[in-house]
Chemist: 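Okay, handing you the structure first.
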Amino acid sequence: MRFLLHGATNWNSTNFGDFLYAYEIYRYLKQNSDNQVGFYQPSDYFVKYLNSNGVKTDYVSFKNADYLIYIPGGYFGEGHNARFRDTLIQYIRFMPFGLKAVIGKKKLVAIGVGAGPIDRWFMKWAVKSICKNSIAVTTRDKESQEALKSIGVDNVPEYSDMMLAYDLKNVSENTEQINSVIKYADGYKILMVHYNHSKEALEKFAVAVNDFVEEHKEYKVVVTADSILPYEDEYFQKFKDLCKCEVFHFIYDNPFEMLRLIDLSDVILTCKLHVGVVGGMFNKSVICVAEHPEKTQRFYDLINNPQNCVSLYETTEEHIKILLNDLHNKSICIPNDETEKAKMHWSVIDRMIEEKYEE
């Protein structure tokens with residue numbers, strides 16, 4: 001069988017969470033050596049690391065693919081206070097894949113997608129058309145399920161975040177940079193700080209972390225991103241200038257190395273979703289000051305830890321410090337029922353492979 005996958009894997013993407021989504025589904029499909037699995041307009045980064053473990057991605061064209069698959073991600077929604085321009089970019093990046101499938105009457109599947117808010121008419125039309133013409137759609141939270149229902153897409157199951165179904169510790173990697181982190185920490189606890197591309201998060205985190213470490217001298221600070229940023233050094237220097245305390249700069253590239261860093265860390269302060277999700281899976285203390293609060297808060301509600309997530313735009317440096325003080329010794333435990341529910345996404349793929357869906 002020939003599968004063509006699409007998600008936040010194009011447009012020069014280097015994102016950690018989106019890579020893990022792609023990698024695990026790709027690897028699952030490649031368990032059968034007869035399957036050919038390719039990606040729609042993949043970035044060089046994705047090609048590099050998908051091919052890094054001895055299995056090469058296949059060339060599968062839109063025309064000859066047996067199945068077209070949206071892998072997990074928040075494609076069926078608009079961002080926080082999205083401008084018209086932002087929504088248009090979202091539409092251009094993600095909707096043509098599904099709409100071309102509808103027009104061409106191709107077998108289309110959307111696995112573990114995030115949906116909503118869906119406000120503009122052209123996004124509503126596109127998402128509804130894609131979902132109505134898919135042989136299967138599953139969502140990652142109840143809010144996504146309700147968002148689809150609100151535009152006329154009914155009977156879509158909610159199977160939790162598919163990331164929870166992955167065995168990620170077994171693909172983590174030790175590297176020279178990881179060894180440098182271990183040497184730097186020298187037996188101290190590690191506070192991992194992840195502001196990524198958000199200048200507002202950088203500034204608020206720097207002040208809060210400086211005050212927290214002054215009071216909790218058992219911690220060493222490691223700053224990292226979860227995508228490759230052209231202004232990485234500039235942002236890190238700004239963080240150092242504001243924070244004052246000693247900081248290790250972890251340069252993100254290898255996603256498997258990033259898994260190991262999360263596993264080494266004791267506390268994770270992040271502004272994004274999936275660094276926190278993986279941290280929770282590894283039973284770390286996680287404080288998420290979310291730059292996309294609409295989609296991110298859903299996850300912490302799902303795992304019964306709503307107090308671990310606040311909106312970046314509605315909090316202060318002082319409140320972040322309070323959260324660090326209150327939560328740094330409280331690890332997250334993902335409920336077993338959410339992990340088991342996340343595994344249901346695999347059953348959809350299994351049925352698709354077995355061709356048991358009615359055509």
Side-chain angles (χ1 to χ4, degrees), residues 15-17 79-81 180-181 184-186 188-252 258 261-262 264-280 284-297 299-300 305-332:
N15 182 265
F16 170 68
H80 176 74
N81 291 334
S180 296
V181 171
Y184 162 74
D186 191 27
Y188 285 75
K189 292 182 178 181
I190 294 175
L191 167 58
M192 176 178 150
V193 179
H194 172 234
Y195 49 77
N196 211 58
H197 56 269
S198 172
K199 192 173 182 182
E200 184 170 351
L202 181 160
E203 293 171 350
K204 289 180 176 178
F205 287 5
V207 175
V209 166
N210 184 67
D211 292 348
F212 174 77
V213 174
E214 277 291 306
E215 296 176 13
H216 296 271
K217 299 189 184 301
E218 69 271 27
Y219 283 95
K220 292 286 189 77
V221 179
V222 176
V223 167
T224 188
D226 74 342
S227 53
I228 297 173
L229 305 171
Y231 40 83
E232 174 79 32
D233 291 338
E234 175 191 344
Y235 270 36
F236 177 71
Q237 187 58 52
K238 184 174 180 61
F239 181 88
K240 270 184 65 177
D241 291 344
L242 290 170
C243 186
K244 310 295 185 188
C245 66
E246 183 184 8
V247 183
F248 184 99
H249 191 193
F250 185 93
I251 305 298
Y252 169 83
M258 181 70 165
L261 175 64
I262 293 172
L264 282 174
S265 300
D266 298 280
V267 183
I268 295 165
L269 176 61
T270 179
C271 67
K272 294 187 68 184
L273 177 58
H274 279 107
V275 164
V277 172
V278 175
K284 306 302 176 179
S285 170
V286 179
I287 296 96
C288 183
V289 184
E291 65 159 347
H292 292 298
E294 293 87 353
K295 74 173 185 180
T296 308
Q297 184 66 57
F299 174 74
Y300 292 90
N305 287 95
Q307 70 280 358
N308 290 63
C309 182
V310 294
S311 169
L312 172 62
Y313 314 105
E314 297 175 4
T315 195
T316 63
E317 295 89 340
E318 182 60 30
H319 188 215
I320 296 169
K321 179 191 168 185
I322 290 170
L323 288 173
L324 283 166
N325 278 321
D326 289 348
L327 300 173
H328 72 100
N329 278 326
K330 297 176 182 176
S331 61
I332 284 178

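Please read these numbers as outputs of a predicted model, since none were measured by experiment.
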Chemist: If the plane angle is over 60° it's perpendicular, under 30° parallel, otherwise tilted; pick one for Tyr219 and His328.
Modeler: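 Tyr219 and His328: perpendicular rings.
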Chemist: Walk me through whether Glu246 and Tyr184 qualify under side chain to side chain contact (heavy atoms under 4.5 Å, CB included).
Modeler: CA-CA 10 Å; Glu246 183 184 8; Tyr184 162 74; 3.4 Å; yes
Chemist: Using 0.5 Å steps for rounding, measure from the CG atom of Leu269 to the CG atom of Leu323.
Modeler: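 Output value for this atom pair is 9.0 Å.
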Chemist: First locate atom CZ of Phe250, then atom CG of Leu261, and finally report the distance between them rounded to the nearest 0.5 Å.
Modeler: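 Output value for this atom pair is 4.5 Å.
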Chemist: Looking at Ile190 and Ser265, what are the two nearest heavy atoms and their distance?
Modeler: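 For Ile190 versus Ser265, the nearest heavy atoms are CG2-OG, 3.7 Å.
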Chemist: Which atoms form the tightest heavy-atom contact between Gly279 and Val286, and what is the distance?
Modeler: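 Smallest heavy-atom distance, with atoms named: C-CG2, 3.9 Å.
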Chemist: Mind checking whether His216 and Phe212 have parallel, tilted or perpendicular rings, split at 30° and 60°?
Modeler: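 Plane angle under 30°, so parallel.
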Chemist: At their closest point, which heavy atom of Ala290 faces which heavy atom of Thr296, and how far apart are they?
Modeler: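 Closest pair (atom of Ala290, atom of Thr296, distance): CB-CB, 3.7 Å.
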Chemist: Counting only heavy atoms from other residues, nucleotides and ligands, does the tally under 6.0 Å from OH of Tyr188 exceed 12?
Modeler: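 Counting other residues, nucleotides and ligands, OH of Tyr188 stays at 12 neighbours or fewer.
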Chemist: Under 4.5 Å between any side-chain heavy atoms of Val289 and Lys204, yes or no?
Modeler: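 No, side chains not in contact.
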Chemist: Do Val222 and Val193 come close enough that some side-chain heavy atom pair is under 4.5 Å?
Modeler: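 No, every pair of side-chain atoms sits at 4.5 Å or beyond.
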Chemist: Determine, for Asp226 against Lys272, whether the closest basic-nitrogen to carboxylate-oxygen distance falls under 4.0 angstrom.
Modeler: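 So Asp226 pairs with Lys272 through a salt bridge.
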Chemist: What I want to check is whether the side chains of His319 and Glu314 have a donor and an acceptor closer together than 3.5 Å.
Modeler: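 Per modelled atom types, His319 and Glu314 side chains form no pair under 3.5 Å.
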Chemist: Any donor-acceptor pair under 3.5 Å linking the side chain of Thr315 with the backbone of Ser311?
Modeler: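 No, because the side chain of Thr315 does not come within donor-acceptor range (under 3.5 Å) of the backbone of Ser311.
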Chemist: So do Ser285 and Ile268 actually touch side chain to side chain, heavy atoms under 4.5 Å?
Modeler: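 In short, these two side chains do not touch, never coming nearer than 4.5 Å.
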Chemist: Is the closest side-chain heavy-atom distance between Ser227 and Asn196 below 4.5 Å?
Modeler: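 Answer yes - side chains close enough.
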Chemist: Taking the side chain from Lys321 and the backbone from Val209, do they hold a donor-acceptor pair closer than 3.5 Å?
Modeler: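 Here the side-chain-to-backbone pair does not exist.
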Chemist: Let me confirm one number: the CG-CD distance from Leu242 to Glu317, rounded to the nearest 0.5 Å.
Modeler: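 Answer rounded to 0.5 Å: 9.5 Å.
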Chemist: Rounded to the nearest 0.5 Å, what separates atom CD1 in Ile251 from atom CD1 in Ile228?
Modeler: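 Interatomic distance, Ile251 CD1 to Ile228 CD1, rounded to 0.5 Å: 10.5 Å.
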Chemist: About how many Å separate CD of Gln297 and CG of Leu273, when rounded to the nearest 0.5 Å?
Modeler: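 Going from the CG atom of Leu273 to the CD atom of Gln297 covers 11.0 Å.
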Chemist: Gln307 versus Tyr300: any side-chain heavy-atom pair under 4.5 Å?
Modeler: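 No, side chains not in contact.
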Chemist: Would you call Val213 and Lys217 a side-chain contact if the rule is heavy atoms closer than 4.5 Å?
Modeler: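 Sidechains of Lys217 and Val213: no contact.
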Chemist: Using every non-hydrogen atom in the two residues, find where Cys245 and Val221 come nearest and quote the distance to one decimal.
Modeler: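 In this case the closest contact between Cys245 and Val221 is SG-CG2, 4.2 Å.
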Chemist: Heavy atoms only: give me the nearest Thr224-Met192 pair and the separation to one decimal.
Modeler: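 Where Thr224 meets Met192 most closely, the heavy atoms are CG2-CE, 3.5 Å.
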Chemist: Between Phe239 and Tyr195, does the ring centroid distance fall short of 6.0 Å?
Modeler: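 Phe239 vs Tyr195: aromatic centres under 6.0 Å.
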Chemist: How about Phe248 and Ser180: do any of their side-chain heavy atoms sit closer than 4.5 Å?
Modeler: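 Side chain of Phe248 against side chain of Ser180, heavy atoms only: contact under 4.5 Å found.
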Chemist: Quick one: NE2 on His274 to CZ on Phe16, what's the gap to the nearest 0.5 Å?
Modeler: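 Going from NE2 on His274 over to CZ on Phe16, the span is 9.5 Å.
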Chemist: Can you tell whether the side chains of Glu214 and Lys244 come within less than 4.0 Å, N to carboxylate O?
Modeler: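 No, Glu214 and Lys244 are not salt-bridged.
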Chemist: Over all heavy atoms of both residues, which pair between Glu294 and Asn81 is shortest? Give the atoms and the distance, please.
Modeler: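 Result for this residue pair: OE2-N, 4.5 Å.
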Chemist: Walk me through whether Phe205 and Cys243 qualify under side chain to side chain contact (heavy atoms under 4.5 Å, CB included).
Modeler: CA-CA 8 Å; Phe205 287 5; Cys243 186; over 6 Å; no
Chemist: Tell me, please, whether Tyr235 has Lys199 positioned over its six-membered ring: NZ or CZ under 6.0 Å from the ring centre and within 45 degrees of its axis?
Modeler: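 That pair does not qualify as a cation-pi contact.
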Chemist: When you compare the side chain of Cys288 with that of Phe299, does any pair of heavy atoms fall below 4.5 Å?
Modeler: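 Contact flag for Phe299/Cys288 side chains = no.
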Chemist: I'd like to know if the side chain of Tyr313 reaches the main chain of Glu291, judged simply by a donor and an acceptor atom lying under 3.5 Å from each other, with no hydrogens or angles considered.
Modeler: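 A pair under 3.5 Å: yes.
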